[in-house]
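Take a look at the structure set out below.
This structure is a prediction, so every number in the text was calculated from the model and none was measured. The chain is numbered in sequence order, starting from 1. When reading the values below, keep in mind they use all heavy atoms of this one structure, side chains included, and skip hydrogens, waters and symmetry mates.
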Amino acid sequence: LMVTGDALDGAVAADPAFWASVDEISVFARMTPQGKAAVIRQLQQQQKHILMCGDGGNDVGALKQADVGMALLAGYGTVNTSETLGAKDSIEAADIPKAAEEALNEHQAALVKRTNDANKARKKFLWDKQKELNGLHKQWLEEEMEARAQRGENSIMAQAGAVKVVLKKYTAELKREMLEYDRQHGNIYDGAAADAKDPAKELEKMKEKLATEASAGGLPMVRPGDASVAAP
């Protein structure tokens with residue numbers, strides 16, 4: 001028997017007991033990632049041991065669900081890349097896997113370069129913003145000291161408190177600018193969690209992250225179509 005993903009979904013929706021006969025199906029075609037994992041899960045409930053072999057990101061769920069997951073690095077031909085081979089390429093069948101691997105390598109290199117460029121731009125923005133805020137630091141401190149003096153607060157403790165307030169304002173402003181920069185460039189934060197943290201600690205974490213990413217040559221990248229990330 002052969003079944004497509006849509007047909008299987010329709011059969012199960014009409015009669016959930018259909019899952020009991022899923023082991024009689026030999027070919028599962030046009031399955032969604034969730035559908036593949038569901039089939040494996042149902043077979044496992046029938047005390048069967050499942051080996052799954054996959055070559056793309058849409059196989060990750062099934063690979064993890066299976067008792068044994070065999071993840072292929074690059075797949076066959078160009079099935080895992082968006083690049084297509086034109087007639088001018090005239091590549092023999094034996095060379096197609098190599099061509100796919102080269103396409104993946106080129107794509108990964110482009111992603112790494114883009115990540116490195118983004119990290120450099122972010123670091124420059126951070127440095128420029130720090131320079132700008134450093135110029136305002138003295139003004140903020142003078143304003144805070146004047147405000148305290150008008151309230152009759154002229155002690156050493158009052159001066160120390162003014163410095164603390166200005167430092168908190170500095171770090172909060174820098175954090176706000178960096179969060180806005182990251183939002184504009186595609187990075188997403190949990191606002192509630194971020195706001196609950198100490199601004200000074202967050203600033204240090206940002207600096208550490210920049211240093212770590214720079215020394216590592218950019219953020220880690222997953223190769224398009226590489227299901228090996230799901231290998232046990």
Side-chain angles (χ1 to χ4, degrees), residues 32-33 36 53-64 69-135 170-171 173-191 193-194 197 199-232:
T32 64
K36 296 176 186 180
C53 180
D55 64 355
N58 61 344
D59 296 319
V60 170
L63 287 165
K64 288 187 174 182
M70 182 179 296
L72 304 181
L73 176 62
Y76 179 79
T78 56
V79 294
N80 295 315
T81 68
S82 60
E83 292 82 354
T84 57
L85 299 176
K88 62 185 179 64
D89 295 296
S90 247
I91 298 178
E92 297 294 333
D95 294 330
I96 289 179
K98 181 179 178 181
E101 185 70 12
E102 290 175 350
L104 286 171
N105 289 337
E106 291 175 1
H107 192 55
Q108 183 183 27
L111 288 175
V112 169
K113 183 180 184 303
R114 186 172 64 182
T115 301
N116 289 338
D117 291 344
N119 288 337
K120 291 178 182 178
R122 189 178 188 276
K123 179 180 288 188
K124 184 179 184 304
F125 179 85
L126 174 60
W127 287 344
D128 290 344
K129 188 55 61 175
Q130 285 178 316
K131 184 177 180 181
E132 176 185 332
L133 294 178
N134 287 340
Y170 175 96
T171 54
E173 181 64 17
L174 183 60
K175 177 188 174 184
R176 185 188 66 79
E177 292 286 351
M178 295 307 298
L179 290 177
E180 182 61 27
Y181 177 91
D182 287 336
R183 287 193 181 98
Q184 291 178 359
H185 292 78
N187 292 332
I188 300 173
Y189 290 85
D190 183 343
K197 298 179 181 178
K201 292 181 179 179
E202 286 300 297
L203 176 59
E204 289 303 316
K205 287 183 179 179
M206 279 190 259
K207 291 181 179 178
E208 291 175 4
K209 181 179 179 182
L210 281 171
T212 301
E213 292 172 357
S215 62
L219 295 173
M221 288 292 172
V222 177
R223 295 151 60 87
D226 184 359
S228 61
V229 293

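- Checked against side chain to side chain contact (heavy atoms under 4.5 Å, CB included), Lys120 has no partners two or more places apart in sequence or in another chain.
- With rounding to the nearest 0.5 angstrom, the CG atom of Leu133 is 12.5 Å from the NZ atom of Lys131.
- For Arg176, the side chain to side chain donor-acceptor pair (under 3.5 Å) partners are Glu173, not counting sequence neighbours.
- The two residues Asp59 and Gly54 come nearest to each other via the heavy atoms OD2-CA, 3.4 Å.
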Trace of the side-chain contact (heavy atoms from CB on, under 4.5 Å) decision for Lys129 with Phe125: CA-CA 6 Å; Lys129 188 55 61 175; Phe125 179 85; 4.1 Å; yes
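- Residues meeting the side chain to side chain donor-acceptor pair (under 3.5 Å) test with Lys124, sequence neighbours left out: Asp128.
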Derivation of the side-chain contact (heavy atoms from CB on, under 4.5 Å) call for Tyr170 and Asn134: CA-CA 8 Å; Tyr170 175 96; Asn134 287 340; 3.1 Å; yes
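- Atoms CD and CG, from Glu106 and Leu111 in turn, are 12.0 Å apart once rounded to the nearest 0.5 Å.
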Steps toward side-chain contact (heavy atoms from CB on, under 4.5 Å) verdict (Asp182, Arg122): CA-CA 8 Å; Asp182 287 336; Arg122 189 178 188 276; 2.7 Å; yes
